[in-house]
2 protein chains.
Amino acid sequence: MHAVLLQELKKHINLTAAEEELITASFRYKKVRKSQFLVQPPDIALYEHFVVSGCLMEYYLDDNGTQHTLIFAPEKWWTTDLHSFLKKEESRYYIEALEDTELLIITREALDNLLKEVPLLNNYFRILYQNAIMGLEERLLNVLSSKVEERYLRFLKKYPQLENRLPQYLIASYLGVTPEFFSRVKSRIHR
Amino acid sequence: MHAVLLQELKKHINLTAAEEELITASFRYKKVRKSQFLVQPPDIALYEHFVVSGCLMEYYLDDNGTQHTLIFAPEKWWTTDLHSFLKKEESRYYIEALEDTELLIITREALDNLLKEVPLLNNYFRILYQNAIMGLEERLLNVLSSKVEERYLRFLKKYPQLENRLPQYLIASYLGVTPEFFSRVKSRIHR
DNA sequence: AAAGGAACTTAACCTAGTTTAAGATGTTAT
DNA sequence: ATAACATCTTAAACTAGGTTAAGTTCCTTT
């Protein structure tokens, strides 16, 4: 179970056996069913979540009740409401399981400790955050400069494993359009 | 000159005199005139830039020649084309001076060394990146869920010092609308 | 197997924002 | 001071995407 996490960390940093044990001891295992919430505003986001199997999504619910997907987190992705997790303030984003999902979770305190004991992990998280920034910048520019067709094609490249795992209205919410319009776009593409 | 940078770092981490010297020695001073480019695709982004005075902007030029502003970087902000800087690949974003600007710059190699010699700086950059992520998430949701009026009001909150320093067409490009439409929106607000 | 609900499609009508174009105002260089 | 250019405004015609609504298909639950 923790092996998947260690594998992922070792893609970017080297770890001693002792460090691996510290890490394993710091993350707790959690299993949730489809449709369960991991974070639900205004609760504080208590954990950083690493997905071992299954899929989570993080989204914002605007004043009209429209759902806007920030990210999908399938296997080996991390997610939390970063603002809430770091500052211990009320969360604004929902995190929900789209499938039965197995997770490794870590609290803020445990993470702070772990970073002190295994300083190299700072590097891992720096890289993780850098990648998140690059992804968000690209996504922002996509929304600002591309038509839905193109955004859809990029979604397919970014999440090839998800196309047939997610209902279309969730993909529409990720692309920033209504399910009705997305349906129109798809039929346009297939001709 | 470097004092502004050290002050900024000390908001989040403590530094010894020796560390301060290492930092000072790693950043070089650079002065550019209004309209000069710091990064121009496809050149590789050689530096991380810290703005001491003046203002930079980072933007993407799409296939139609439309300019999309990623961020403005006035005093005490950092900016670079992160992807290009980290991976030494061709840049995709322009960074241009909106005013005569004084900068402190650091190369990728110097930064890597500095992070080894002053490991606490990893914390500073982790925090910097975390803030960048939260800002980008908020901006993305804004574009997806808010009308231009509201986005404009948020721009004013985020960059109170910039409202009267920038031409309107740049603010329009940050908000993701044409200057023509932005003009209409402003006149609507002022009544 | 039937019933109820969720997800998807299609289509007619609506609206926020774009495009094009022209005129007005401001700025810079000579 | 004047030319030349950049910026800002207004308005008319247009388009991408939203809204509403009805019908269809697919899943669950019983």
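Quantities reported herein were computed from a predicted structural model and do not represent experimental measurements. Naming: A, B, ... by sequence-line order, numbering from 1 per chain.
Between the NZ atom of A/Lys186 and the P atom of D/dG17 there is a distance of 17 Å, given to the nearest Å. The interatomic distance linking B/Gln168 (CD) with C/dT25 (P) rounds to 15 Å, in whole Å. Atom C1' of nucleotide D/dC26 and atom OH of A/Tyr169 are separated by 14 Å, given to the nearest angstrom. Put simply, CD on B/Glu150 is 15 Å from C1' on C/dA16, counting in whole angstrom units. For the pair A/Ile171 CD1 and C/dT9 P, the interatomic distance rounds to 11 Å; values are reported in whole Å. Distance B/Phe182 CZ to C/dG17 P: 13 Å, rounded to the nearest Å. Taking atom NE2 of residue B/His190 and atom C1' of nucleotide D/dT10, one finds them 17 Å apart after rounding to whole Å. Atoms CG (B/Asn64) and C1' (C/dT20) sit 15 Å apart, rounded to a whole Å.
B/Asp112 meets the salt bridge (Lys or Arg N to Asp or Glu O under 4.0 Å) test with B/Arg108; sequence neighbours excluded.
With the nearest nucleotide of DNA chain C identified for both B/Lys34 and B/Val185, B/Val185 has the one nearer the 5' end. Nearest-nucleotide positions on DNA chain D place B/Leu166 closer to the 5' end than the other of B/Leu166 and A/Val177.
Applying the 4.0 Å criterion to OP1 and OP2 of D/dG17, one finds that A/Thr178 has every side-chain N and O outside that range.
Distances were taken from every side-chain heavy atom of A/Ser183 (C-beta onward) to each of D/dG17, C/dG17, C/dT10; the shortest belongs to C/dT10. The A/Arg151 side chain lies nearest to D/dG17 when the options are D/dG17, C/dA16, D/dC8. Each of D/dT9, C/dT18, D/dC8 was ranked by its minimum atom distance to the side chain of B/Arg184; first place goes to C/dT18. Of the candidate nucleotides D/dG18, D/dT19, C/dT20, D/dT19 has the atom nearest to the side chain of A/Glu180. Here the nucleotide nearest the side chain of B/Pro167, chosen from D/dA12, D/dC8, D/dA16, is D/dC8. Proximity note for B/Ser187 (side chain, C-beta onward) versus D/dT10, D/dA16, C/dT10: the nearest is D/dT10.
Bending across the helix from C/dA1-D/dT30 to C/dT30-D/dA1, expressed as the angle between its end axes from five pairs apiece, amounts to 50° (10° rounding).
Other residues, nucleotides and ligands place no more than 12 heavy atoms under 6.0 Å from the CZ atom of B/Arg33.
A salt bridge links B/Glu138 to B/Arg154: at least one charged side-chain nitrogen sits closer than 4.0 Å to a carboxylate oxygen. A salt bridge does not link B/Lys157 to B/Glu150: none of the charged nitrogens lies less than 4.0 Å from a carboxylate oxygen. Using a 4.0 Å cut-off between charged nitrogen and carboxylate oxygen, A/Arg184 and A/Glu180 do not count as a salt-bridge pair.
A distance of 13.5 Å separates CZ of A/Arg92 from CG of A/Leu61, quoted to the nearest 0.5 Å. Going from atom CZ of A/Phe50 over to atom OG1 of A/Thr80 covers 14.5 Å, rounded to the nearest 0.5 Å.
Among the protein residues, A/Phe181 comes within range of the nucleic acid bases, having at least one heavy atom under 4.0 Å from a base atom. Using a 4.0 Å heavy-atom cutoff across all strands shown, B/Val148 reaches sugar-phosphate atoms only and no base atom.
B/His12 and B/Asn123 form no side-chain donor-acceptor contact under 3.5 Å, judged by distance and modelled atom types alone.
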